[in-house]
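Protein chains get the first letters and strands the later ones, always in sequence-line order, with residue 1 at the start of each. Hydrogens, waters and symmetry mates play no part in the numbers below; they use all other heavy atoms, side chains included.
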Amino acid sequence: MPRYDAHRIESKWQADWDANETFRTPQGVGNGPKLYALDMFPYPSGSGLHVGHPEGYTATDIVSRYRRMCGVNVMHPMGWDAFGLPAEQYAIETGTHPRVTTYKNIDTFRRQLKMLGFSYDWSREIATTDPEYFRWTQWIFLQLFDTWYDPDCVWNGPDGRQRTGKGRPIAELPIPEEVRAQGADAVRSYQDERRLAYQSEAPVNWCPALGTVLANEEVTAEGKSERGNHPVERRALRQWMLRITAYAERLIGELDDVDWPESVKLLQRNWIGKSVGAEVDFFIGGDSVARFSKSGSPNAPSAGATDVSPVPSSASFDAWKQSRSASGFPKAPGDDVLRVYTTRPDTLFGATYMVIAPEHPLVARLTTAEHRAAVEEYCRRASLKSDLDRTDLAKEKTGVFTGSHAINPVNGAPVPIWIADYVLISYGTGAIMAVPAHDERDLEFAQTFGLPVVEVVQSPDPQTSNIGFTGDGIAIHSGEFDGLSTPEFKQRITARLDTDGLGRRAINFRLRDWLFSRQRYWGEPFPIWHELDAAGNLTGRVRPVDAAELPVTLPDMDDFKPRGTPEPPLSFAPDSWLYRTAEDGTKLKRETNSMPQWAGSCWYYLRFCDPRNSERFIDPEIEKYWLPVDLYIGGAEHAVLHLLYSRFWHKVLFDLGHLTHPEPFRKLVNQGMILGEAELTGFRDAQGNWVSAREANPEKCTAVKVDLSDVVKQGEWLVLKDHPEIVIESRAQKMSKSRGNVINPDEIVDKYGADSLRLYEMFMGPLEQVKPWSMSGVEGVFRFLGRVWRMLADDRAEDVRLNEAVQDVPPTEAQLRTLHKTIKAVTDDIEKLSLNTAISRMMEFTNEIGGQDVRPKSILEPFVLLLSPFAPHLAEELWQMLGHDRTLAYEPWPQYDPAKLVESEVEIPVQVNGKVRGRVKVPAHADQQTTIELATAAVAAQLEGKQLVKTIALPAKMVNFVVKG
RNA sequence: GCCGAAGUGGCGGAAUGGCAGACGCGCUGGAUUCAAAAUCCAGUGUCCGUAAAGGACGUGUGGGUUCGACUCCCACCUUCGGUACCA
C-alpha cells in the first residue's frame with residue numbers, strides 16, 4: 001500500500017475517468033480555440049497492440065492533455081481500420097466469420113488502449129466495418145462517380161489564391177454537339193469516360209496467392225506483394241479506377257500549405273513525379289493503311305502486313321510539314337506520326353533512333369514483313385513478363401527492330417524505330433526518341449545494338465566526355481541552335497516546334513490512376529448495379545445505387561475462399577443479394593468487387609467530428625469548426641499511400657462544396673520506429689577475424705539477448721565480458737516475431753505500470769527518431785516515478801497520505817526559481833514536441849526538491865500539474881493527496897514568472913584564445929567593463945607575460961582574451 | 001544509381017555559434033540490512049599525473065570561415081530509410 005503502487009493507482013483513475021466521461025468532447029460546434037489531435041487509427045490485428053502504437057499515441061495524448069489545461073477545446077478520438085485481409089485469411093483458415101474475429105480484436109485493442117490511460121473521447125469511437133460508417137464511404141464513392149475534373153475551371157481558394165482545375169458534378173459536364181447527336185448512349189459513355197470513378201480493362205497487378213488485384217503502391221520493387229511477399233503478375237481485368245491523376249498538379253502544389261516534414265513532402269512530390277518537357281511528332285509516312293491489319297490482336301503484327309517503303313520519302317515529309325505549319329499540333333496524334341515525350345527537346349538533333357513500348361498501338365503498323373516473326377515473339381514474351389522479370393532484366397537491354405523509320409522533324413534525318421521493354425506504355429506517350437549520347441539507358445541500348453551516337457551537348461567541364469554527359473551544357477551539332485545553353489535551348493526549340501505545329505510543351509506525371517477494386521469479401525461493397533441484357537450478360541452500363549438505399553451491406557456467406565480465379569467471392573453470394581429488377585424492367589447485377597482497405601481510412605478523420613450523424617457524413621458547421629486536423633502523428637510508412645489518398649478524397653469533397661478546407665492535416669509528425677534490444681550478431685573466429693553470425697548461420701543469429709552489463713570494449717570491438725571471442729554488434733534491429741525480440745506492452749504494464757511505459761517511450765529519444773528498446777531504461781523511469789511518489793507521499797505510512805516534509809510554508813527563493821525554470825522548460829518542450837527533454841527537466845526538479853527536508857506544497861502542486869500529461873495516473877493520485885477533490889485534467893496549466901528566473905549571480909566561462917581557462921562568478925546585471933575586470937582576475941596566470949591582442953566580452957555571458965606570445 | 005536522414009562516452013541521448021557529454025541506463029565505492037531486494041549518498045569521456053594540483057586530447061574523416069565550431073561552408077567515408085529503366 002504505501003509504496004508506489006502503479007496498478008492500484010492506474011485502475012482507480014481509469015475507472016474514474018470512464019465513469020465521469022472526463023475526456024468527452026461536447027458534440028456539435030464549440031467556441032474558442034480548438035485542437036484536433038489525431039492518431040493514425042490502428043488495424044486491430046490478432047496479435048494485439050505493439051509497443052510502436054503507444055509511441056505516437058502517447059505524444060498526441062500529452063499534447064491533448066496539455067492543451068486541455070490551457071483552456072483549449074480538444075478533440076482526441078480513436079477508432080478502428082477494421083476491414084482488411086488478415087481477418088479474412090483467418091476466416092478462411094478457421095471458419096470463423098471475419099466480423100467475429102474483427103470485433104474480438106477490437107475489444108482487445110480497446111482494453112489495451114484504456115489500460116494505457118489515453119484521454120480519448122470514447123463516445124466518438126468508430127469502426128470502418130460498421131455499416132453506419134461504410135454507408136458514408138459508399139456515399140463518397142458515389143460522389144467520385146458523379147464528378148468529373150474540369151482542368152480549365154479557374155476559381156479562388158479560401159485563402160484568396162487563384163487556382164486552376166476543379167472537380168465538378170457530372171451533370172455540369174458540357175456535351176459536345178456531335179456527341180449529343182449520336183444519342184443517349186453516346187452521351188452516357190462520354191460522361192463515363194470522364195468520371196473520377198471509372199471502369200477500365202487495363203493490365204493490373206494480379207496476385208494469385210492473395211487472390212486479388214493490387215494497387216501499384218501495394219507491389220514492391222521486386223514485383224512481390226507488400227503483404228505476404230507473394231509473386232504478382234500482370235493480367236488484363238475489368239477494374240474500378242479512381243482518377244487521382246487529375247489532381248496531380250494540386251496534390252503537388254498544395255503541399256506548400258501544410259506543416260509537414262520536408263522529407264514526407266518530398267516523398268509525395270517524387271511519387272507524383274511531375275516532369276516538364278515537350279511532346280514531339282516524328283513523321284512515319286502516310287501509307288499506314290497498307291500495313292495496318294484489321295484482324296488479330298491489335299498489338300501483334302498481323303499476317304496481313306505488307307512491306308511498303310519503310311522509310312517515308314522526303315517529299316511526303318515536306319508535304320506533311322507544310323500541312324502541319326498550317327494546321328498546328330493536333331491534340332491526338334494521327335497514325336502518320338509517332339508521338340514522343342521528352343524532357344530534353346534540346347537534344348533533338350542527337351536523336352539517332354526511336355523506341356516504342358511492346359504494347360504500343362503502332363507496333364503492327366510499323367513492323368515490316370521481314371521483322372514480323374521477331375517482333376511477334378518479342379511482344380509475346382514481354383506480355384508474359386511479370387514486373388519481377390522486367391526488373392531482373394533491367395541490367396541488360398533487350399529489343400527488336402521494326403524495320404521502319406521515322407523522320408526527325410528538326411533535321412529531316414530518318415531514324416530507325418525499335419521496340420524495347422525499357423520503354424513503358426504507361427508513361428508519356430509510350431514512345432521515346434533515343435539520344436544515346438546524353439541518356440544512360442539509350443547509350444546502353446545503342447551500344448548493345450550498334451546504333452549511332454551523336455553528341456549534341458558539350459559538357460562545361462572539359463575533363464568530362466560529352467558522350468554519357470546528361471547534365472546541362474552548351475549545344476553543339478544542332479544547326480542554328482549551336483552555342484545555346486541547355487535551358488535556353490529547351491525554351492527556344494519548344495517555341496519553334498509549337499509555331500511549326502511539330503510539338504508543344506507538355507507535363508507528365510509518374511503518378512498513375514488508383515486501382516480501387518479488390519477481389520475480397522471483407523471490404524466495402526461498391527454501391528453500383530450493372531445492367532444485364534436479356535441473355536444475362538453485362539451490357540457495360542452501370543447505375544449507382546440510390547443514396548437512400550445505402551448502406552449496401554455484405555451478404556451472409558460461409559465460403560469466401562479465393563478460387564484461384566479473379567472472380568470475387570461476392571460473385572458467389574446468394575441471388576437475392578446479387579440480382580434485382582429495376583423499375584424500368586432492366587435486370588441488374590451488383591458489382592462484386594469490394595473496395596480496398598484504404599477506402600475506410602481515407603476519411604475517418606472527418607467522421608470523428610460528427611460520428612453519429614445519420615443525415616450527412618459530417619455536419620458542415622461542425623466540419624468548419626474542427627477541421628483541419630491540427631496534429632496528426634503516425635508511422636512514416638503512410639507517407640505516400642494513406643496520406644496521398646486522403647488528400648485526394650478530401651480535395652474532391654472540397655471541390656464539391658462539402659468541406660471548407662482544401663487540406664485535411666495541418667501538421668504531420670512521423671514517429672520513429674522502435675527497434676528491438678541489442679543482439680548477438682557476430683563472433684571472432686580462430687584467426688581473430690570478425691564473422692557475421694547472420695552470414696555464418698542465419699538461423700541461429702536471431703534472438704540472443706545481451707545484458708549490457710556483460711559487455712566490455714576490447715580494441716574496436718564490443719565483446720562479452722566472459723567470452724571475449726563473442727563480439728556484440730550493438731546495432732539494434734527491427735522487432736519481429738522471427739527474431740523473437742518483440743516487446744509486448746501488456747508485459748511492461750504488468751511489471752511497471754502504464755505511466756512508466758508512457759514515460760519511457762517518450763524519454764527514449766526524439767519522437768521522430770528510430771530508437772532501440774531498453775528494459776533497464778524502463779526501470780529508470782519507473783524509479784523516477786517512485787522518487788516523485790516519495791517526494792510527495794509518506795512511503796512508510798500504512799495508508800496513503802502526504803509525506804511530512806510536504807508543508808504549507810512559503811517557498812525559498814531558490815525553490816521558486818527551480819519551479820519556474822521547470823515550468824518554462826517543460827512548457828517550451830511540449831510546444832516543440834521535445835518530450836524527452838521535458839522529462840529530463842522534471843527529473844532535475846525531483847533531484848533537487850526531492851532531497852530537501854521541507855518541500856513547500858505551493859511548488860509541488862504546479863509540478864504535479866506539469867507531470868500530469870506524461871504520467872496522468874500518478875499525477876491524479878498525488879493531486880488528490882494534496883487535497884483536491886476534482887480531476888486535474890482541466891486545472892489551469894502553470895505559468896512561469898520571468899522575474900523569478902533571474903539569479904543574482906551567474907558563473908561564466910573565461911576563455912584564452914578560445915579555450916576555456918577559468919570560470920568566474922559575476923553579478924547577473926554586470927556590464928561589459930565589470931565582466932572583463934572579473935574575468936581578467938580569474939585567468940591572470942594565463943595572461944601573464946603575454947600580449948593582449950583583443951578582448952571579446954558578452955556581459956554576464958562569456959569573455960575571450962586573444963593573446964600573443 | 002538517385003533522393004532523404006543521421007554519425008557525440010560502455011549504451012539511449014543533451015547542447016543549433018559562446019562551459020561538450022544535461023537527464024537516464026550501466027559501472028565503481030559507500031550508507032542501510034543478519035543477508036538480499038528496495039532506497040539513499042559520492043564518483044564515473046580518454047590519456048599523462050600520485051585517486052591531489054595541474055595538463056594534453058576529444059563530437060565519423062580531411063580542409064575552410066570565425067576571437068570562438070558538435071553547431072556554419074566545401075569535399076569525402078560510414079550507417080539507416082525510401083526509390084528504381086518515369087524518357
Side-chain angles (χ1 to χ4, degrees), chain A residues 3 220-222 261-264 266-267 269-271 273-275 277 340-344 347 355 390-391 393-395 397 420-424 426-435 439-442 444-445 508-512 636-637 639-640 672-673 675 678 707-713 718 728 730-732 760 763-766 768-781 783-784 786-787 790 795 834 836-844 847 850-851 907-919 949-954 957-963:
Chain A
R3 285 249 169 98
T220 64
E222 290 80 39
E262 273 313 311
S263 57
V264 176
L266 198 72
L267 230 45
R269 287 198 188 99
N270 290 345
W271 189 263
K274 180 178 176 173
S275 82
V340 300
Y341 170 75
T342 177
T343 53
R344 293 296 301 269
T347 59
V355 184
R390 284 211 178 191
T391 315
L393 294 171
K395 276 155 204 110
K397 294 274 179 292
D421 64 4
Y422 83 90
V423 170
L424 310 173
S426 49
Y427 185 79
T429 60
I432 62 158
M433 62 174 208
V435 186
D439 182 284
E440 252 177 72
R441 298 149 298 173
D442 295 348
E444 200 188 322
F445 190 83
N508 253 298
F509 296 95
R510 202 190 80 118
L511 185 71
R512 307 290 147 77
E637 68 273 16
V640 276
M673 205 193 320
L675 305 175
D707 190 334
L708 281 178
S709 61
D710 294 336
V711 176
V712 292
K713 198 178 184 183
L718 293 176
I728 307 302
S730 66
R731 192 185 308 142
Y760 172 64
F763 186 60
M764 291 171 89
E768 304 201 39
Q769 198 166 297
V770 177
K771 12 182 207 275
W773 187 268
S774 153
M775 273 304 174
S776 44
V778 186
E779 283 187 42
V781 293
R783 281 203 283 263
F784 162 66
R787 280 201 297 278
R790 287 188 298 275
D795 204 23
S834 177
N836 54 329
T837 52
I839 295 166
S840 299
R841 304 315 284 263
M842 291 188 282
M843 287 173 168
E844 283 173 3
N847 289 345
E907 199 183 60
I908 65 163
V910 185
Q911 303 176 344
V912 177
N913 286 344
K915 293 195 173 185
V916 179
R917 293 296 171 189
R919 261 149 235 185
V949 178
K950 199 172 173 184
T951 304
I952 288 140
L954 306 176
K957 193 88 190 282
M958 57 77 58
V959 178
N960 187 14
F961 296 107
V962 185
V963 296

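- Dashed line: the shortest gap from a side-chain N or O of A:R787 to OP1 or OP2 of B:G24 is under 4.0 Å.
- The partner of B:A84 is absent, by the rule that a Watson-Crick or G-U pair needs both atom distances under 3.5 Å.
- Note: A:F763 CZ to A:I839 CD1 = 7.0 Å, rounded to the nearest 0.5 Å.
- In this structure, B:G26 and B:U44 make a Watson-Crick or G-U wobble pair, each of the two defining distances being under 3.5 angstrom.
- Among the protein residues, A:R790 comes within range of the sugar-phosphate backbone only, with heavy atoms under 4.0 Å from sugar or phosphate atoms but none that close to a base.
- Taking the side chain of A:S776 as heavy atoms from C-beta on, and the options B:G26, B:C85, B:G13, the nearest nucleotide is B:G26.
- Nearest heavy-atom pair across A:A953 and A:V959 is CB-CG2, 4.1 Å.
- When the side-chain nitrogen and oxygen atoms of A:N270 are compared with OP1 and OP2 of B:C2, none of them lie within a distance under 4.0 Å.
- The pairing partner recorded for B:A31 is B:U39, the criterion being a Watson-Crick or G-U wobble arrangement whose two distances lie under 3.5 angstrom.
- Taking atom C1' in both B:C47 and B:A84, the straight-line distance is 49 Å, to the nearest Å.
- In this structure, A:L266 reaches the sugar-phosphate backbone alone: every heavy-atom distance under 4.0 Å involves primed, P, OP1 or OP2 atoms, never a base.
- Annotation: the span from A:K950 atom NZ to A:N913 atom CG amounts to 12.0 Å, rounded to 0.5 Å.
- Rounding to the nearest 0.5 Å places CZ of A:R919 at 10.5 Å from CD of A:Q911.
- The nucleotide B:C72 finds its pairing partner in B:G64, both defining distances of the Watson-Crick or G-U wobble pair being shorter than 3.5 Å.
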Would you give a per-nucleotide map of nucleotides 17-22 of chain B, 5' to 3', where B means the base has a protein non-hydrogen atom under 4.0 Å away, S means only the sugar-phosphate does, and - means neither? -BBS-B
Using a cut-off of under 3.5 Å, enumerate the N/O to N/O pairs linking the protein to nucleotides 55-59 of chain B.
{"unit_1": "B:A56", "atom_1": "OP2", "unit_2": "A:R917", "atom_2": "NH1", "d": "3.2"}
{"unit_1": "B:C57", "atom_1": "OP2", "unit_2": "A:K915", "atom_2": "NZ", "d": "3.4"}

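- Here A:K771 contributes atom NZ and A:M764 contributes atom CE; the two are 6.5 Å apart, rounded to the nearest 0.5 Å.
- Look at the P atom in both B:A69 and B:U61: the space between them is 15 Å, to the nearest Å.
- Heavy atoms of A:S275 sit under 4.0 angstrom from primed sugar atoms or phosphate atoms, though from no base atom.
- Comparing the P positions of B:G13 and B:C25 gives an interatomic distance of 16 Å, to the nearest angstrom.
- For A:Y427, a side-chain nitrogen or oxygen approaches OP1 or OP2 of B:A87 to under 4.0 Å.
- For the residue pair A:G277 and A:Y341, the shortest heavy atom distance occurs at N-OH, 3.4 Å.
- Nucleotide B:G81 holds its P atom 7 Å from the CE atom of A:M673, rounded to whole Å.
- Toward the 5' end of RNA chain B, the nearer of the two residues A:S263 and A:A431, judged by each one's closest nucleotide, is A:S263.
- Under the Watson-Crick and G-U wobble criteria, each requiring two contacts below 3.5 Å, nucleotide B:A52 is left unpaired.
- Between A:R783 and B:G26 there is a side-chain N or O to OP1 or OP2 distance below 4.0 Å.
- For B:G24, the base adopts the anti conformation, since its glycosidic angle falls more than 90 degrees from zero.
- The partner of B:U78, taking Watson-Crick or G-U wobble pairs whose two distances both stay under 3.5 Å, is B:A6.
- Between A:M764 atom CE and B:G13 atom P the separation is 8 Å, expressed in whole Å.
- Contact annotation for A:N508: no contact, since no heavy-atom pair falls under 4.0 Å across all strands.
- Summarising the base pairing, B:U16 is matched to no nucleotide, lacking a Watson-Crick or G-U wobble pair whose two defining distances lie under 3.5 Å.
- Rounded to a whole angstrom, the distance from the C1' atom of B:C19 to that of B:G68 is 13 Å.
- A:R841 places its CZ atom 12 Å from the P atom of B:G24, with the value rounded to the nearest Å.
- Residue A:G273 is classed as having no contact, given no heavy-atom separation below 4.0 Å to the nucleic acid.
- Nearest heavy atoms, A:T429 versus A:V340: OG1-CA, 3.3 Å.
- Distance check on atom P: B:U78 versus B:G29 gives 42 Å, rounded to whole Å.
- A:F445 is linked by a ring-ring contact (aromatic ring centres under 6.0 Å, His included) to A:Y353, A:W418, A:Y422, A:F449, counting only residues two or more places apart in sequence or in another chain.
- Nearest heavy-atom pair, A:V781 versus A:M843, reported as atom, atom and distance to 0.1 Å: CG1-CE, 4.2 Å.
- Only the C1' atoms considered, B:G62 is 39 Å distant from B:A52, to the nearest whole Å.
- Put simply, A:K950 has a side-chain N or O that comes within less than 4.0 Å of OP1 or OP2 on B:C67.
- Of all non-hydrogen atoms in A:G914 and A:N960, the two that sit nearest each other are N-OD1, 3.0 Å.
- Nearest heavy-atom pair across A:P766 and A:N836 is N-ND2, 3.7 Å.
- Annotation: side chain of A:D442 is not in contact with side chain of A:M433 (no heavy-atom distance under 4.5 Å).
- Considering only side-chain N and O atoms, A:Q769 lies nowhere under 4.0 angstrom from the phosphate OP1 or OP2 of B:A6.
- Closest contact between the side chain of A:K397 and the listed nucleotides B:G13, B:C23, B:C85 involves B:C85.
- When the P atom of B:A87 is taken as reference, atom CD of A:E444 falls 17 Å away, rounded to whole Å.
- Across the interface with RNA chain B, nearest-nucleotide mapping of A:I839 and A:K771 shows A:K771 to be the residue nearer the 5′ end.
- Atom CE in A:M842 sits roughly 13 Å away from atom C1' in B:G24 (whole-Å rounding).
- We find that CG of A:L675 is positioned 17 Å from P of B:A6, with the value rounded to whole Å.
- Nucleotides B:A51 and B:G60, compared at atom P, are 32 Å apart to the nearest Å.
- Counting to the nearest Å, the P atom of B:A84 and the CG atom of A:L511 are 13 Å from each other.
- With a 4.5 Å cut-off on side-chain heavy atoms, A:E779 and A:Y760 do not count as touching.
- Comparing B:C80 with B:C57, their P atoms are spaced 34 Å from each other, to the whole Å.
- Rounded to an integer number of Å, the gap from CG of A:D439 to C1' of B:G1 is 13 Å.
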